[in-house]
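Both ligands and their constituent atoms are indexed starting at 1 by order of listing.
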Amino acid sequence: MKTMSIMNLKCVFFAVAFLFRPVALQSYNGPEDSRLNVEVVLDVPTTGASTTPDGRIFFVLARVDGSTGPQLVEYHPSNKSTTAYPNEEWNSYSEDKDPATHFLGVNSQRVGPDGNLWVVDKGATSFGTPVNLPHGPKVVIVDLKSNEVHRTYPMGNATRAASLLDDIRFHNSTGKAYLTDAGSAGLIVLDLVSGSAVRVLDGDLSTREYMPVSAEGRIVYTQGKPWYVSADQLEVSPDGTYFYYQPSSGGMSRIETQWLDQAFYNSSLDSNAILGQYVEPYAFTTPTGGTAIDADGNIYNSDVDSQRIIKISPNGTMTTLIQDPRLLWVDAMWIDASQRLWMPAAQLNRGEPFNNGTSKIVKPNYVYSLNIGVGPSPIDHA
Ligand SMILES: *[C@@H]1O[C@H](CO)[C@@H](O)[C@H](O)[C@H]1NC(C)=O
Ligand SMILES: *[C@@H]1O[C@H](CO)[C@@H](O)[C@H](O)[C@H]1NC(C)=O
Ligand SMILES: *[C@@H]1O[C@H](CO)[C@@H](O)[C@H](O)[C@H]1NC(C)=O
Ligand SMILES: *[C@@H]1O[C@H](CO)[C@@H](O)[C@H](O)[C@H]1NC(C)=O
Ligand SMILES: *[C@@H]1O[C@H](CO)[C@@H](O)[C@H](O)[C@H]1NC(C)=O
Ligand SMILES: *[C@@H]1O[C@H](CO)[C@@H](O)[C@H](O)[C@H]1NC(C)=O
């Protein structure tokens, strides 16, 4: 009974919040903001940047513009060029090659708190194609000193044909990492020592999308249907207490990491009726391309409908950090050691999969940055 009433309360919260959501949800055509710096110019869109404190830069290239080539690259500021990372072979998948040792579809990448590069491979070669099970979906760690693959975590046992293994965050003091599944709604808890992975909050209200994604003021369509994206953005609070997550349509929830960690071992806890009780609505965010978290626990959330970055304080209050017409579908953001927020303007909604096979992405593609006066959360990266 208690569970039912909490489920109902959550439904009521989302329904009421939806009715009273702010009306500023439309494409933004206002003036440019001179605080925005152009950090990198690319000839293809990137859906995620990451950097090391000594200045190395990595990008994931989603190829939604119809271009071909490596999905994961290192960018060289000295000559403004990119090279396949960790090498050409990992980036050269074709059906005759081993899906366990090649990237099928890199969805995200990040320099982890251990100083290695963590790569999330959704295990499918394009949006909407079934996952290549069991060996396609995986998390690959590349050692940035040797530039070689250090370990691969197979995720085939925790994913499904409809999964979209999305992104990863860490809770190193308990030796766990958390991933979102944006295709088959749910979270995955990964034990970094054993490599075992367990699905939790599978199909829970908090991991499910309740609306398709909207960008530049319009619902996004793919293959003739509105595009629904389940649990996507995720962050861990700097003290490791909370795990924040949301579907791409917005509506951010949080749960204490202790419950996720316990659910990994205790399958009695791993039912939505029980684990769902510990989920709290956190912030009523708008359709989102990506997030980042700073050392003070503020979450930066890119509003893809209105070309702005929303800052969510640890108490859940949202304010606009910057709004600029150039911030077109800012995807996974990054805070570097020089206190700059990197904003890759991916224009994802203008890509081929969302425009009947014709890319409307305007080249070149920009990665912007903004000084935010605070560095990254050490639990996330240096
Ligand atoms: C750019 O510089 C990097 C690093 O020095 C090098 O590996 C790469 O080959 C260079 N690319 C071009 C096109 O010169
Ligand atoms: C976690 O911490 C241990 C010990 O401090 C370290 O060896 C390991 O590399 C860390 N892992 C990650 C993912 O940060
Ligand atoms: C799935 O789990 C089984 C049983 O633990 C294990 O033998 C197998 O290697 C796992 N497969 C993958 C792809 O993780
Ligand atoms: C497992 O979870 C159930 C449900 O919350 C709880 O009653 C039980 O005490 C837990 N078991 C352990 C060993 O933590
Ligand atoms: C939430 O935090 C912000 C930033 O620290 C502060 O300005 C605001 O007053 C706080 N709101 C509440 C309701 O505590
Ligand atoms: C895609 O094609 C359909 C049918 O021709 C059309 O109704 C729709 O507006 C097109 N969508 C986009 C995003 O161009």
Side-chain angles (χ1 to χ4, degrees), residues 1-7 13 17 20 22 40-44 46 51-52 54-59 61 67 69-70 72-91 117 142 144-148 174 176 187 189 191 196 198-202 204 235 237-239 241-242 244 252 254-285 291-301 309-322 341 364 372-375 377:
M1 279 311 288
K2 183 151 182 280
T3 308
M4 267 314 290
S5 68
I6 286 168
M7 284 293 284
F13 168 83
F20 292 97
V40 175
V41 184
L42 294 168
D43 57 5
V44 291
T46 174
T51 64
T52 62
D54 62 357
R56 292 179 75 183
I57 301 169
F58 301 91
F59 291 123
L61 306 178
S67 63
L72 179 63
V73 296
E74 178 163 11
Y75 176 79
H76 308 286
S78 57
N79 56 20
K80 296 186 165 43
S81 74
T82 55
T83 45
Y85 199 80
N87 53 46
E88 290 285 352
E89 189 56 36
W90 266 92
N91 282 280
L117 192 71
V142 187
L144 288 179
K145 291 194 196 81
S146 65
N147 300 311
E148 278 169 12
T174 64
K176 298 285 186 293
L187 306 179
V189 182
D191 185 82
S196 302
V198 168
R199 290 184 72 90
V200 297
L201 293 171
D202 208 28
D204 184 73
E235 298 297 343
S237 64
D239 64 2
T241 302
Y242 289 106
Y244 303 96
M252 186 176 282
R254 73 176 184 186
I255 184 170
E256 287 189 30
T257 51
Q258 61 165 321
W259 302 120
L260 297 181
D261 295 348
Q262 283 186 30
F264 178 83
Y265 299 105
N266 183 351
S267 56
S268 313
L269 188 62
D270 176 23
S271 82
N272 295 346
I274 297 178
L275 202 55
Q277 288 183 66
Y278 301 111
V279 174
E280 305 166 52
Y282 181 59
F284 201 72
T285 48
T291 55
I293 191 164
D294 71 22
D296 297 334
N298 298 297
I299 295 176
Y300 300 85
N301 189 288
I309 307 301
I310 295 167
K311 182 177 174 181
I312 311 170
S313 310
N315 65 19
T317 302
M318 298 193 288
T319 51
T320 296
L321 176 74
I322 188 167
L341 179 71
I372 52 170
V374 52
S377 165

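For atom 2 (O) of ligand 5, the protein comes within 4.0 Å by at least one heavy atom. Protein heavy atoms are absent from the space less than 4.0 angstrom from atom 9 (O) of ligand 4.
Heavy-atom proximity to L269, at under 4.0 Å, picks out these atoms of ligand 4: 2 (O), 5 (O). Within ligand 5, the atoms closer than 4.0 Å to a non-hydrogen atom of S313 are 2 (O), 3 (C), 4 (C), numbered from 1 in the order shown. The ligand atoms of ligand 1 that sit less than 4.0 angstrom from a heavy atom of H76 are 2 (O), 3 (C), 4 (C). Within the listing of ligand 1, atoms 1 (C), 10 (C), 11 (N), 12 (C), 13 (C) sit less than 4.0 angstrom from a heavy atom of S81.
Side-chain N or O atoms of T291 include none that pairs as donor or acceptor with a backbone N or O of Y300 at under 3.5 Å. In this structure, N91 contributes its side chain and G69 its backbone to no donor-acceptor pair below 3.5 Å. No donor-acceptor pair closer than 3.5 Å links the side chain of R254 to the backbone N or O of S237. One N or O on the side chain of N87 and one on the backbone of E89 form a donor-acceptor pair closer than 3.5 Å.
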side-chain contact (heavy atoms from CB on, under 4.5 Å) evaluation trace for L260 with K176: CA-CA 9 Å; L260 297 181; K176 298 285 186 293; over 6 Å; no

As a quick check of understanding, evaluate side-chain contact (heavy atoms from CB on, under 4.5 Å) for W90 and L72, giving each step before the final call. CA-CA 9 Å; W90 266 92; L72 179 63; over 6 Å; no

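Distance from atom 4 (C) of ligand 4 to its nearest protein heavy atom, with residue and atom name: I274 CD1, 4.1 Å. The shortest contact between atom 13 (C) of ligand 4 and any protein heavy atom is with N266 ND2, 4.3 Å. Protein heavy atom in closest approach to atom 5 (O) of ligand 1: S78 OG, 4.6 Å. For atom 12 (C) of ligand 1, the nearest non-hydrogen atom of the protein is N79 ND2, 3.3 Å.
Compare N315, T317, T319 by their heavy atoms: the one nearest to atom 6 (C) of ligand 5 is in N315.
Between W259 and Y278, the angle of the ring planes stays under 30°, which puts this pair in the parallel group of the 30/60° scheme.
Here the shortest heavy-atom pairing between A263 and V200 reads CB-CG1, 3.8 Å.
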